[in-house]
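Working notes, structure below.
On a predicted model such as this, the values are computed, not experimentally measured, just so you know. Just so you know, ligand 1 is whichever comes first in the structure, and atom 1 is the first atom listed for that ligand.
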Amino acid sequence: MSIWNDLARHQRATETRHIRELFADTARAAQFAVQAGEMVLDYSKTNIDEDGRALLVRLAEEAGLVEKRAAMFGGAQINETEGRAVLHIAQRAGDDAVIACAGADVMPELRAIRARAYGFAEDVRAGRFQGQGGRITDVVNIGIGGSDLGPAMATLALAPYHDGPRVHYVSNVDGAHIADTLKGLTPETTLVIVASKTFTTIETMTNARTARDWMAAKVADPGAQFAAVSTALDKTAEFGIAPERVFGFADWVGGRYSVWGPIGLSLMIAIGAEGFDGFLAGGRAMDAHFMDAPLDQNMPVLLALVGIWHNQLCGHATRAVLPYDQRLARLPAYLQQLEMESNGKRVGMDGRDLDRQSGPIVWGEPGTNGQHAFYQLIHQGTRIVPCEFLLAAKGHEPELAHQHRLLAANCLAQSEALMRGRSLEEARALMAAKGLEGAELDRQARHRVFPGNRPSTTLVYPQLTPFVLGQIIALYEHRVFVEGVVLGINSFDQWGVELGKELASALGPVLDGADASDKDPSTQALVAFLRAYQG
Ligand code: F6P
């Protein structure tokens, strides 16, 4: 497509320019920032100029973004490889919304399920729902992938709003995870939520059975202290969970987009229905912005296009997500699933190989911890890692406001240092001031040069409230959607996780002693090692 060629030409023509030079335009900071509600995304510390942005916006237009966005919100079957609509936005839609899917309004049923889930959450919080030992003190959510990462990330993020029972998350099939989690808990006052869209996922079902056995050792009717969240109501019944504690959702809600509905039950119990409503309202506000704002002032669209610029055009394979917000510690892991399971695909919607890279590798850690671990490479390594900083104007600890200022100063310092760098002359002056001279001065100075010109974006928001968290998550969901549209990918299937699952089912019996001769020599040798130690 010629727009890709135009963009590639523009990228080549500007790649030797230093981002610093762009700030000769004093209006740049304002012109390369976008606001949604009270949240601002600054993307001025990138090498994108006005022409580049115009080309990127044209790219989105030519990819049919406006039409595809309308198709998603309109309930069309845009998940073509699974023949499904994509309507996670319905889960956070307002009370008067009407959203049609296959000719029927999905909202009455969604509202009914939400009301039931809220009712149950409030019963648990108020002690109206009890375990054998009385009031529920602990909730264990058993799920994996989208049935874990969303609620786990959000529960940590909203810790200041917790006023319900303690909430724990178990995901890994490694018995260590459930053993360590259950160790401190009392079965008689614990509620277990089994969260699985399919109710077949081996990790979740194995952990659910382990939890049931643990409960059964102390509780006469363990099933009474279980709830389930799933689309497979026949399977939840088979597991023995009474229908009044089963919360369903439709198959047009993808696992990694499901935190807004009953999969968020553990979060509802932690923060209550009112807090959860705030979270939904934030998501809804971002939906409205995504639908209504012009593309060149549209936060999810611009965030996606900045990503496309860095990954597909500049060739930077990874993207670091760096929340300067300790309670967003699980955000990078959450985004790894959201972004990489959605856009990590080598075949386009048309069934042909992509002729450019798929979505980026996403990773990260909260600041300031990351600074003392991997920032060295980000500042001085040979590869460029576009960085995405997140920062609240204030924390939730007024008595520690001085620590928040220090946190903020570190965040701003990092993006400034990445962009500006330190020249050889500046480094030489530093060494000279320390009394070095001659060849030793030169040698030492070179180690202290920061090339700079390393791009970053910074998302700032007033405070990490339920509303703001909702805005942030919806922002990333829509960003992934826009990237998928531009790349011609179906962002809503995940066939790439299937093969490993199938092979794992076959390898279980092999580890128990079944014939391994059809396995490759490496796998056979590893099996032999494990068998030798397992006895
Ligand atoms: O990893 C594959 C996947 O299907 C994810 O998309 C999903 O979030 C996760 O497994 C868990 O699936 P389920 O909710 O059906 O247990």
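- Atom 15 (O) of ligand 1 has its nearest heavy-atom neighbour, among Leu149, Thr198, Asp148, in Thr198.
- Near Thr201, meaning under 4.0 Å from one of its heavy atoms, ligand 1 places the atoms 12 (O), 13 (P), 15 (O), 16 (O).
- No side-chain N or O of Asn207 forms a donor-acceptor pair with one of Thr204 less than 3.5 Å apart.
- Looking at Tyr257 and Ser342, their side chains do bring a donor and an acceptor atom within 3.5 Å of each other.
- Asn79 and Asn490 are linked by a side-chain donor-acceptor pair at a separation below 3.5 angstrom, with hydrogens and angles left out of the test.
- Looking only at protein heavy atoms, the nearest one to atom 9 (C) of ligand 1 is Ile144 O, 3.6 Å.
- Atom 5 (C) of ligand 1 has its nearest heavy-atom neighbour, among Lys197, Arg256, Glu498, Glu341, in Glu341.
- Between Arg256 and Glu341 there is a salt bridge, with a side-chain nitrogen of the basic residue lying less than 4.0 Å from a carboxylate oxygen of the acidic one.
- Taking only nitrogen or oxygen atoms, main chain and side chain alike, Val497 does not reach within less than 3.5 Å of ligand 1.
- Phe120 has its ring centre less than 6.0 Å from the ring centre of Phe247.
- Interface atoms of ligand 1 facing Gly146, defined by a heavy-atom separation under 4.0 Å, are 7 (C), 8 (O).
- Arg135 and Thr189 share no donor-acceptor pair across their side chains, judged by distance under 3.5 Å alone.
- The contact set between ligand 1 and Gln337, taken as ligand atoms under 4.0 Å from a residue heavy atom, comprises 5 (C), 6 (O), 7 (C), 8 (O).
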Please tabulate, for side-chain N and O atoms in residues 145-155, each donor-acceptor pair with protein atoms closer than 3.5 Å (sequence neighbours left out).
{"from": "Thr155", "atom 1": "OG1", "to": "Pro151", "atom 2": "O", "distance (Å)": "2.6"}
{"from": "Thr155", "atom 1": "OG1", "to": "Tyr169", "atom 2": "OH", "distance (Å)": "2.6"}

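- Within the structure, ligand 1 lacks Glu203 among the residues with a heavy atom less than 4.0 angstrom away.
- In the vicinity of Gly145, heavy-atom distances shorter than 4.0 Å reach the ligand 1 atoms 8 (O).
- Looking at atom 10 (O) of ligand 1, its nearest protein heavy atom turns out to be Lys501 NZ, 4.4 Å.
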